[in-house]
Amino acid sequence: MDEKWQKSFPVSWDQFHRDARALAWRLSAAGPFRAVVAVTRGGLVPAAVVARELGIRVVETVCVASYDYDRQGEIQVLKGIGADVAGQEGGQGVLIVDDLVDTGATARVVREMLPKAHFATVYAKPAGRPLVDTFITEVSQDTWIYLPWDMGLQFTPPIRDKATA
């Protein structure tokens with residue numbers, strides 16, 4: 001892990017599902033939404049949960065690459081948003097969903113595509129927080145969030161053992 005990550009925040013599948021449902025509950029008052037745009041890849045899982053909970057049947061993706069495991073690199077848009085979802089209104093009535101907003105680099109690119117859309121993430125860090133409209137949990141900028149699809153089961157030593165190592 002890069003030295004800038006001082007803390008870790010492991011998230012289980014159960015916790016992520018609860019947090020994604022909490023996001024949907026919070027978003028229920030912000031709609032209605034005519035479509036969900038998942039920011040891939042991290043936004044696929046929470047977008048599916050949110051779409052189900054809010055009864056949204058139109059689900060689109062915007063494919064953006066910025067991370068190589070633990071390093072953020074240059075932003076690449078691999079697939080844009082279809083014109084039928086983006087519409088003529090700059091994304092009015094569209095909900096953008098991602099797993100987290102970190103530095104805000106990805107969010108800025110997607111916001112430019114749909115400036116009037118509602119942007120929601122499950123997790124937010126301070127640098128990216130101003131770019132999203134709704135989120136569930138804020139973590140410090142120096143925390144690496146271990147999402148369930150990136151983890152396997154293995155022994156982890158207690159925190160007190162790590163401090164003495």
Side-chain angles (χ1 to χ4, degrees), residues 2 4-5 7-56 58-73 75-81 85-86 90-151:
D2 194 314
K4 71 179 177 179
W5 310 114
K7 301 176 192 110
S8 63
F9 181 57
V11 179
S12 69
W13 281 107
D14 287 343
Q15 184 62 50
F16 193 82
H17 187 241
R18 279 191 298 272
D19 290 344
R21 289 192 74 210
L23 181 63
W25 180 80
R26 191 167 286 168
L27 289 166
S28 66
F33 300 105
R34 61 181 173 82
V36 171
V37 174
V39 182
T40 71
R41 289 179 308 217
L44 287 169
V45 174
V49 173
V50 168
R52 177 198 181 270
E53 294 298 326
L54 299 183
I56 302 168
V58 177
V59 179
E60 170 68 288
T61 60
V62 59
C63 303
V64 181
S66 64
Y67 277 95
D68 180 15
Y69 174 58
D70 66 346
R71 285 183 300 253
Q72 191 166 23
I75 302 291
Q76 296 178 307
V77 177
L78 306 173
K79 179 194 158 291
I81 301 164
V85 171
Q92 186 71 34
V94 174
L95 172 62
I96 303 166
V97 177
D98 205 351
D99 55 350
L100 70 109
V101 61
D102 189 333
T103 65
T106 299
R108 277 184 197 85
V109 169
V110 177
R111 272 257 185 232
E112 287 176 13
M113 295 176 195
L114 298 172
K116 294 183 181 176
H118 189 99
F119 205 129
T121 61
V122 181
Y123 306 109
K125 293 186 180 182
R129 164 65 190 98
L131 294 163
V132 298
D133 301 303
T134 304
F135 69 95
I136 293 300
T137 302
E138 186 167 356
V139 299
S140 62
Q141 200 67 42
D142 64 347
T143 298
W144 182 260
I145 302 171
Y146 287 96
L147 295 161
W149 48 86
D150 290 329
M151 295 188 296

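Sequence positions, counted from 1, serve as the residue numbers for this chain.
- In this structure, the side chain of Arg52 does not engage the main chain of Gly55 through any donor-acceptor pair within 3.5 Å.
- At distances below 3.5 Å, at least one donor-acceptor pair connects side-chain atoms of Arg26 with backbone N or O atoms of Phe135.
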Show the numbers, then the answer: is there a side-chain hydrogen bond (donor to acceptor under 3.5 Å, both in side chains) between Lys79 and Thr61?
CA-CA 8 Å; Lys79 179 194 158 291; Thr61 60; 3.2 Å; yes
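- Residue Arg18 places its CZ atom among more than 12 non-hydrogen atoms of other residues, nucleotides or ligands, all under 6.0 Å distant.
- Counting heavy atoms from C-beta on, the side chains of Asp98 and Pro46 never come closer than 4.5 Å.
- For the pair Phe33 and Val50, the minimum side-chain heavy-atom distance is 4.5 Å or more.
- Under a 3.5 Å cut-off, the side chain of Arg34 and the backbone N or O of Val58 do not form any donor-acceptor pair.
- Put simply, the side chain of Glu60 never gets that close to the backbone of Ala35: no donor and acceptor are under 3.5 Å apart.
- Between the side chain of Asp133 and the backbone N or O of Phe119, at least one donor-acceptor pair lies under 3.5 Å.
- Ring geometry, Trp149 versus Trp13: the interplanar angle falls from 30° to 60°, so the pair is classed tilted.
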Asp142 vs Ser140, side-chain hydrogen bond (donor to acceptor under 3.5 Å, both in side chains): CA-CA, chis, key distance, verdict
CA-CA 5 Å; Asp142 64 347; Ser140 62; 2.6 Å; yes
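- Other residues, nucleotides and ligands contribute more than 12 heavy atoms inside 6.0 Å of the CZ atom of Arg111.
- The structure places CG of Leu114 at 3.5 Å from CD1 of Ile81, a figure rounded to the nearest 0.5 Å.
- Between Tyr123 and Phe16, the two ring planes are tilted [angle within 30° to 60°].
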